[in-house]
Amino acid sequence: MAFNVTIKPSNHGFQMEADETILEAGLKHGFTLPYSCRDGVCGTCKGKLLQGTVNYGKHQKSTLTEAEKAAGMALFCRAQPLSDLVIECREVNVSKDIPVRTLPCRVHKLEKPAQDVMVLYLKLPANERLQFLAGQYIDILTKDGKARSFSLANAPHDDELLQLHVRNILGGAFTQHIFTQLKERDILRFKGPLGTFFLREDSGKPIVFVASGTGFAPVKSIIEHALHIGLKRPMHFYWGGRKLADLYMRDKAMEWEAHGVRFTPVLSEALPADNWQGRTGFVHQAVLDDYSDLSGYQVYTCGAPVVVEVAHRDFTTLRGLPNDEFFSDAFTFAPKA
Ligand code: FES
């Protein structure tokens, strides 16, 4: 059975099923309500029921007391509707609304989809979840007191494990450590979420994504989030690499095509063994070749600094892309400022 939920003061509304939590359903419809543990423990998701009744769900008694319930409060990560609801809570729509936290995590799984790319799956302690916006990054805090930035590749709704894509950089001490010493069950510490490279959901403009190499990671997070919330804006994803193996999760991008996301892979130095029949050259050039006018678009670019730089320069000067519709995250392989 479906119920209607209205959020005050924004007056945003969505429909939800009786077996969903208010938080789950709100996130699914693109309304980023505050949360942390998603487990009835921390109280971050606490909000007010202005109208309607809920099943409060399993939660820690001290986090939501009987007196608070009597005063109309509920934990939205646990509460399920018993009627139509009007709720009052703050919606998160800019990165500064999300607290930056320092947390430990355990390496749950390591996968090597290409010779020089490692995918890390990180598990947070029980009762902890990381709230973030699709496209943001975290800083892994290393023992030498430095921080190494990596984009989150999973979408916010899919937060059981945090996913990082790491390229093995020649001379990069930390990436060397990841490739040669890091093992499952090791403990890491990180700080996050950070960064302003996230999907602007208040726009209706079509989107072009441009990624080079592991710049794929935050784009993956954004596209999976967009598909999850049923975003209707046209999306075209360009992924550039030197050789075929650099497009290490091509299957994933091809799956998105079935959901309406156009995918254009581009190789600049394909190997004979790649037997490549597709587009060649630089990835930003492929966009220039396909789009004579970007004035009505948003562009999200992530990857090597040189790719981000030329994309910004050429899209704004040659194709009329407004400066403030270009969003980027350059992988500098050093701590970000
Ligand atoms: Fe922690 Fe709901 S109690 S998110």
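Both counts, for ligands and for their atoms, begin at 1 and track the order of listing. All of these numbers come straight from a predicted model, not from anything done at the bench.
Both tests pass for Arg200 against the ring of Phe198: distance under 6.0 Å to the centre and angle within 45° of the axis. Cation-pi geometry between Lys69 and Tyr56 is satisfied (NZ or CZ under 6.0 Å from the ring centre, within 45° of the ring normal).
Annotation: Arg101, atom CZ; neighbour count of heavy atoms from other residues, nucleotides and ligands within 6.0 Å is above 12. In Lys48, the NZ atom is not crowded: 12 or fewer heavy atoms of neighbouring residues, nucleotides or ligands sit closer than 6.0 Å.
Following chains of ILVMFWY side-chain contacts shorter than 4.5 Å, one can reach Leu152 starting from Val107, so the two form part of one hydrophobic cluster.
The aromatic rings of Phe216 and His165 lie parallel to each other, their planes meeting at an angle below 30°, with 60° marking the opposite boundary.
Counting only protein atoms, the N, O or S atoms lying less than 2.8 Å from atom 1 (Fe) of ligand 1 are Cys37 SG, Cys42 SG, ordered by chain and residue number.
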